[in-house]
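Just so we're clear, the structure is a prediction, and the values are computed from it rather than from any experiment.
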Amino acid sequence: MNNKYKLAVATLVSLIGLYIAFNDVDPKKLFYELKIVDFKLVIIATILLLLSCVIRAYRWKLLIDSVENIKLSKVFSATMVGYFGNGIFAFRLGELLKAYTVSRDQKIDTLEAFGTVIVERMLDVVMVMLIFTILVPRLPFDDQYIKMGVFTFLGISLLTIIILMVAVKYQWLLRLDTLSLFSSDLGKRFLSYTTKLENGIKSLRGIKRPWEVIFSSILIWGIYFLETLILIISCKLPLNTYDAGIILFLGSISFGIPALPGSAGTYDASIKYVLIMLYGIASEEALNYAIVSHAVAYFPLTIIGFIFFLNGSYDLNELKRVRANSA
């Protein structure tokens, strides 16, 4: 499927999500809910989210250090630029922009850096699975849509991780050069790119401080949980600590649904559905929380990332070339 069709599908999914989110909402009641939000708590939640970005950058640096030692300030800058990219570009292009940014003027190749980004995402998936394990006795499996979404996400994620780990362990990518299919110039170039990606993924083996990677991962998601709980309180929803964990878990899954940049529509519809179906929250209250939490996750990171992007004087034509070569 080419990019035009992918964009069309993503746009359709987002529009459906926005329709579901706003369809049965009374604007006056929604405006009232927005007015009573405790924005002091929203600011605290935003600060916590920014703190998690620093820790995320530090964790990524620990992964990159097995390939090349790069200053934390540069890794943090690349992390924020990546958020900006995911906020405005389709197809999660921010992840590649993030890798391109950290590799500029460095010995590490963009695709090698992208391999470490893949490892980063694998660590996040593992953390989501850990949250699932903790919450499984309280998860609402009686709802068929939530049950289908949870097990689809977990199944695809687990299968992807297993395939990547086995491919690296048994060097499947290196064995491809024995096939006649990859004897052409195009095939050799493909093998060159996949080898660089594999080298980045192998960074997991060469981590010098694995316990710091584990601790930082727990800390990142602990902050996400605390942020979720604070936003629930700020929106005055009658939910408890376990409920906050469930919202965090199901919200994380919703971010993985193919949609326009920033998960426009899909996140809002998913969170609203969960709050209404599981907890009987009124439509306007549910959408109010979805809007507030989505805004906190989107606008601060995108704006700060944009500032770093402007200061970096990045060449998008070069990024397009890297993307074309990695496709």
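Using cut-offs of 30° and 60° for the angle between ring planes, the Phe306 and Phe309 rings count as parallel.
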Full working for side-chain contact (heavy atoms from CB on, under 4.5 Å) between Phe114 and Asp109: CA-CA 9 Å; Phe114 187 60; Asp109 184 89; over 6 Å; no
After noting the C-alpha distance and the side-chain angles of Val37 and Asn288, does the key distance pass the side-chain contact (heavy atoms from CB on, under 4.5 Å) rule? CA-CA 9 Å; Val37 170; Asn288 176 54; 3.5 Å; yes
Going through the checks in order, is the side-chain hydrogen bond (donor to acceptor under 3.5 Å, both in side chains) test met by Thr79 and Trp60? CA-CA 9 Å; Thr79 299; Trp60 189 26; over 6 Å; no
Show the numbers, then the answer: is there a side-chain contact (heavy atoms from CB on, under 4.5 Å) between Asp124 and Arg59? CA-CA 11 Å; Asp124 286 332; Arg59 184 184 68 174; 3.1 Å; yes
Could you please spell out the steps behind the side-chain contact (heavy atoms from CB on, under 4.5 Å) verdict for Glu285 and Cys235? CA-CA 8 Å; Glu285 291 181 79; Cys235 293; over 6 Å; no
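Annotation for Ile156: hydrophobic cluster partners, listed by chain and number, are none (ILVMFWY side-chain heavy atoms under 4.5 Å, direct or chained). Grouped with Ile36 in one hydrophobic cluster are Tyr32, the linkage being side-chain heavy-atom contacts under 4.5 Å among Ile, Leu, Val, Met, Phe, Trp and Tyr residues. Through chains of ILVMFWY side-chain contacts below 4.5 Å, Ile47 is grouped with Ile43.
Phe22 has its side chain within reach of Ile291: a pair of non-hydrogen atoms, C-beta onward, lies under 4.5 Å apart. Side chains of Arg121 and Glu95 form a contact here, defined as non-hydrogen atoms less than 4.5 Å apart. In this structure, Val102 and Thr116 have side chains that are not in contact, with every pair of non-hydrogen atoms separated by 4.5 Å or more. Put simply, the side chain of Val150 reaches to within 4.5 Å of the side chain of Phe249, judged on heavy atoms. Residues Ile281 and Pro238 are in side-chain contact: their nearest non-hydrogen atoms beyond the backbone lie under 4.5 Å apart. The shortest side-chain heavy-atom distance between Leu239 and Ile246 does not fall under the 4.5 Å cut-off. Within the 4.5 Å cutoff, the side chain of Ser283 has heavy atoms near those of the Val25 side chain. Residues Cys53 and Tyr83 meet the side-chain proximity criterion, which asks for heavy atoms closer than 4.5 Å.
Within the model, atoms CG of Leu49 and CG of Leu226 stand 11.5 Å from one another, a figure rounded to the nearest 0.5 Å. The structure places CZ of Phe215 at 10.5 Å from CD1 of Ile220, a figure rounded to the nearest 0.5 Å. Rounded to the nearest 0.5 angstrom, Leu123 CG and Ile118 CD1 are separated by 12.0 Å. Atom NZ in Lys107 sits 11.0 Å away from atom CD1 in Ile70 (nearest 0.5 Å). Note that the CE atom of Met80 and the CG atom of Asn311 stand 12.5 Å from one another [nearest 0.5 Å]. To the nearest 0.5 Å, atoms CG (Asp65) and CD1 (Ile108) are separated by 10.0 Å.
Between the side chains of Lys98 and Asn86, not a single donor N or O lies within less than 3.5 Å of an accepting N or O.
The list of salt bridge (charged side-chain N to carboxylate O under 4.0 Å, His left out) pairs with a residue in residues 262-280, not counting sequence neighbours, reads Asp24-Lys272. The salt bridge (charged side-chain N to carboxylate O under 4.0 Å, His left out) contacts involving residues 212-239 comprise Arg209-Glu212, where partners must be two or more places apart or lie in separate chains. For residues 30-39, no pair satisfies salt bridge (charged side-chain N to carboxylate O under 4.0 Å, His left out), with sequence neighbours left out.
Taking the ring pair (Phe, Tyr, Trp, His ring centres under 6.0 Å) definition, one finds that Phe299 meets it with nothing, sequence neighbours left out. Applying the side chain to side chain donor-acceptor pair (under 3.5 Å) rule to Tyr279 yields the partners Asp243; only residues at least two apart in sequence or on another chain are considered. Judged as a ring pair (Phe, Tyr, Trp, His ring centres under 6.0 Å), and not counting sequence neighbours, the contacts of Tyr224 are Trp221. When the side chain to side chain contact (heavy atoms under 4.5 Å, CB included) test is applied to Tyr19, the partners found at least two apart in sequence or on another chain are Asn23. Take Phe76 and apply the ring pair (Phe, Tyr, Trp, His ring centres under 6.0 Å) test, not counting sequence neighbours, and it matches Phe308.
The minimum heavy-atom distance between Ile223 and Ser52, with the atom names listed, is CG2-CB, 3.9 Å. For the pair Leu229 and Ala244, the tightest heavy-atom approach, listed with the atom from each and the gap, is CD1-CB, 3.8 Å. In this structure, Val42 and Ser234 approach most closely via the heavy-atom pair CG2-OG, 3.9 Å. Across every non-hydrogen atom of Val117 and Ala99, the tightest pair is CG2-CB, 4.3 Å. For the pair Ile230 and Ala45, the tightest heavy-atom approach, listed with the atom from each and the gap, is CG2-CB, 4.2 Å.
A side-chain hydrogen bond (donor to acceptor under 3.5 Å, both in side chains) with Tyr267 is found for one member of Ser293, Ser14, Ser254 and no other, namely Ser293.
For the pair His294 (side chain) and Ala264 (backbone), a donor-acceptor distance under 3.5 Å is absent. Judged by distance alone, with hydrogens and angles left aside, the side-chain atoms of Lys74 form no donor-acceptor pair with the main-chain N or O of Ser103 at under 3.5 Å. Thr266 places a side-chain N or O within donor-acceptor distance of the main-chain N or O of Ser263, the cut-off being under 3.5 Å.
If you chain together hydrophobic residues whose side chains sit under 4.5 Å apart, Leu248 and Ile253 fall into the same group. In terms of hydrophobic clustering, with Ile, Leu, Val, Met, Phe, Trp and Tyr side chains grouped at heavy-atom distances under 4.5 Å, Phe84 and Val54 are assigned to a common cluster. Both Leu158 and Leu250 are assigned to one and the same hydrophobic cluster, defined by single-linkage of ILVMFWY side chains at heavy-atom distances under 4.5 Å. Linking Ile, Leu, Val, Met, Phe, Trp and Tyr residues whenever their side-chain heavy atoms come within less than 4.5 Å leaves Tyr289 and Ile20 in two separate clusters. In the hydrophobic clustering of this structure, Met277 groups with Phe151; members are Ile, Leu, Val, Met, Phe, Trp, Tyr whose side-chain heavy atoms approach within less than 4.5 Å, directly or through other members.
Using a cut-off of 4.0 Å between Lys/Arg side-chain N and Asp/Glu carboxylate O, Glu120 and Arg56 are scored as salt-bridged.
By the 6.0 Å contact criterion, CZ on Phe31 is open, its count of non-hydrogen atoms from other residues, nucleotides or ligands being 12 or less.
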Check: residues 127-135 side-chain donor-acceptor pairs under 3.5 Å, at least two apart:
| residue | atom | partner | partner atom | Å |
| --- | --- | --- | --- | --- |
| Thr133 | OG1 | Met129 | O | 3.0 |

